[in-house]
Amino acid sequence: MSVQSNLIKQIIFFLFVGGVTFLIDVLVTYVLFHFLHFPAYTASAIGFLSGFFFNFPMNRKKVFHHSEKDKFTLKAQIVFYILLSLFNLVVTSLIVELLVGWTVEIQIAKLFVTILIATWNFLIFKFFVFSKKLPTNT
C-alpha cells in the first residue's frame with residue numbers, strides 16, 4: 001500500500017474517531033442534563049471527559065499506531081494531549097466569538113473552527129504527540 005493511501009486511510013479513521021468522540025460527548029451530556037438533571041457545566045464537562053477517555057486511546061493505538069518506537073512516553077503524550085485540548089477550547093471560544101461579531105452565524109463559525117482544529121490536531125498528533133523516534137545509524 002502506498003504512503004499516500006496509508007495517509008488517506010489514517011485521515012479517514014481520525015475523522016471517524018472524532019465523530020464517535022463527538023457523539024459520546026453529546027449523548028453523555030444530553031442524558032446527564034435532561035434525565036439526571038445535572039447542571040449544564042457539570043454535564044458538559046463529564047461528556048467532554050467521556051469523549052476524551054475514548055478519543056485518546058483510539059488515536060494513540062489505532063490511528064497513530066502506538067509502538068515502542070513512539071518518541072514520547074504515555075505520560076508525556078497525555079500531558080501534551082490535555083494541553084492541546086485546553087488550547088483548543090480557548091481558541092475555539094475566541095474565534096467563534098470573533099466570527100459571530102462579524103455577523104457569521106454561530107453554527108457556521110463552529111463548523112469552520114471545528115475543521116480548523118481537526119486539521120491542526122491531526123498534524124500535531126502525527127508529527128509531534130504520537131510521532132516516532134528517528135532511526136539511529138549504528
Side-chain angles (χ1 to χ4, degrees):
M1 195 176 276
S2 74
V3 172
Q4 185 178 8
S5 64
N6 279 337
L7 178 61
I8 291 169
K9 183 179 170 186
Q10 190 176 38
I11 290 169
I12 289 169
F13 198 55
F14 175 79
L15 294 172
F16 174 77
V17 168
V20 172
T21 300
F22 174 76
L23 289 175
I24 291 169
D25 183 346
V26 168
L27 289 173
V28 168
T29 300
Y30 184 86
V31 168
L32 292 176
F33 183 75
H34 289 289
F35 295 109
L36 301 177
H37 309 293
F38 280 47
Y41 65 89
T42 304
S44 181
I46 294 170
F48 176 82
L49 289 173
S50 300
F52 172 87
F53 286 115
F54 170 78
N55 187 281
F56 178 80
M58 288 299 291
N59 273 319
R60 183 172 188 259
K61 293 177 183 176
K62 301 297 183 186
V63 177
F64 297 101
H65 308 291
H66 161 67
S67 73
E68 66 282 346
K69 296 177 184 177
D70 284 1
K71 187 184 289 186
F72 299 106
T73 64
L74 171 62
K75 184 177 178 180
Q77 289 173 338
I78 290 171
V79 169
F80 293 144
Y81 190 92
I82 290 170
L83 290 173
L84 180 60
S85 294
L86 292 172
F87 176 79
N88 288 343
L89 176 63
V90 171
V91 168
T92 296
S93 299
L94 292 173
I95 295 175
V96 166
E97 178 70 22
L98 177 70
L99 292 173
V100 168
W102 290 346
T103 68
V104 175
E105 284 292 324
I106 193 166
Q107 296 86 351
I108 301 298
K110 282 288 283 186
L111 178 63
F112 171 77
V113 174
T114 299
I115 292 168
L116 177 69
I117 286 177
T119 302
W120 81 45
N121 279 350
F122 180 83
L123 295 171
I124 290 169
F125 288 164
K126 182 165 184 67
F127 297 110
F128 181 69
V129 176
F130 300 120
S131 63
K132 306 302 178 202
K133 296 173 190 168
L134 296 175
T136 56
N137 295 334
T138 19

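This one's a predicted model, so the numbers in the text were calculated from it and none came from an experiment.
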Worksheet entry | K62 vs V17, side-chain contact (heavy atoms from CB on, under 4.5 Å): CA-CA, chis, key distance, verdict | CA-CA 9 Å; K62 301 297 183 186; V17 168; 5.8 Å; no
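- Judged as a side chain to side chain contact (heavy atoms under 4.5 Å, CB included), and not counting sequence neighbours, the contacts of Q107 are E105.
- Using a 30° and 60° split on the angle between ring planes, F13 and F16 fall in the parallel class, below 30°.
- One distance of note links NZ of K9 with OG of S2; it measures 11.5 Å at 0.5 Å rounding.
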Which donor-acceptor pairs under 3.5 Å do the side chains of residues 78-91 make with protein atoms, sequence neighbours left out?
{"unit_1": "Y81", "atom_1": "OH", "unit_2": "N55", "atom_2": "OD1", "d": "2.3"}
{"unit_1": "S85", "atom_1": "OG", "unit_2": "Y81", "atom_2": "O", "d": "3.0"}
{"unit_1": "N88", "atom_1": "OD1", "unit_2": "W120", "atom_2": "NE1", "d": "2.9"}
{"unit_1": "N88", "atom_1": "ND2", "unit_2": "L84", "atom_2": "O", "d": "3.4"}
{"unit_1": "N88", "atom_1": "ND2", "unit_2": "N121", "atom_2": "OD1", "d": "2.9"}

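- Classification of the F130-F56 ring pair by plane angle, with boundaries at 30° and 60°, yields tilted.
- Atom CD1 of I106 has 12 or fewer neighbouring heavy atoms from other residues, nucleotides or ligands inside a 6.0 Å radius.
- Under the 4.5 Å side-chain heavy-atom criterion for Ile, Leu, Val, Met, Phe, Trp and Tyr, F22 and M58 are members of distinct hydrophobic clusters.
- Note: T21 OG1 to L15 CG = 11.0 Å, rounded to the nearest 0.5 Å.
- Under a 4.0 Å N-O distance rule, the pair K132/D70 qualifies as a salt bridge.
- Hydrophobic clustering (ILVMFWY, side-chain heavy atoms < 4.5 Å, transitive): F112 and V96 are in one cluster.
- In the hydrophobic clustering of ILVMFWY residues, with side-chain heavy atoms under 4.5 Å counting as a link, I46 and V20 come out together.
- Residues F33 and P39 share a closest heavy-atom pair of CD1-C, 4.2 Å.
- With rounding to the nearest 0.5 angstrom, the CD1 atom of I24 is 12.5 Å from the CG atom of L49.
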Discussion item. Run the side-chain contact (heavy atoms from CB on, under 4.5 Å) test on V3 and L7 for me, step by step, so that the C-alpha distance in whole Å, both residues' side-chain angles and the decisive distance to 0.1 Å come before the verdict.
Written reply: CA-CA 6 Å; V3 172; L7 178 61; 5.5 Å; no
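- Between H66 and L74 there is no side-chain heavy-atom pair separated by less than 4.5 Å.
- A centroid separation of 6.0 Å or more is found between the aromatic rings of F127 and F64.
- Distance check, rounded to the nearest 0.5 Å: CZ of R60 to OG of S67 gives 9.5 Å.
- No continuous path of ILVMFWY side-chain contacts below 4.5 Å connects F14 to I12, so the two sit in separate hydrophobic clusters.
- Residue W102 is grouped with residue I108 when hydrophobic side chains (ILVMFWY) are merged at heavy-atom distances under 4.5 angstrom, including chains of intermediate members.
- Environment of NZ in K110: sparse, with no more than 12 heavy atoms of neighbouring residues, nucleotides or ligands closer than 6.0 Å.
- Scanning all heavy atoms of the two residues, the minimum distance from A43 to L32 falls at CB-CB, 3.8 Å.
- Residues A109 and V104 share a closest heavy-atom pair of N-CG1, 3.9 Å.
- Summarising the geometry of T29 relative to G47, their closest heavy-atom pair is OG1-CA, 3.5 Å, with the distance given to 0.1 Å.
- Listed here is the closest heavy atom pair of S44 and D25: O-OD1, 4.2 Å.
- With hydrogens and angles ignored, the 3.5 Å screen pairs a side-chain donor or acceptor of S131 with a backbone N or O of F128.
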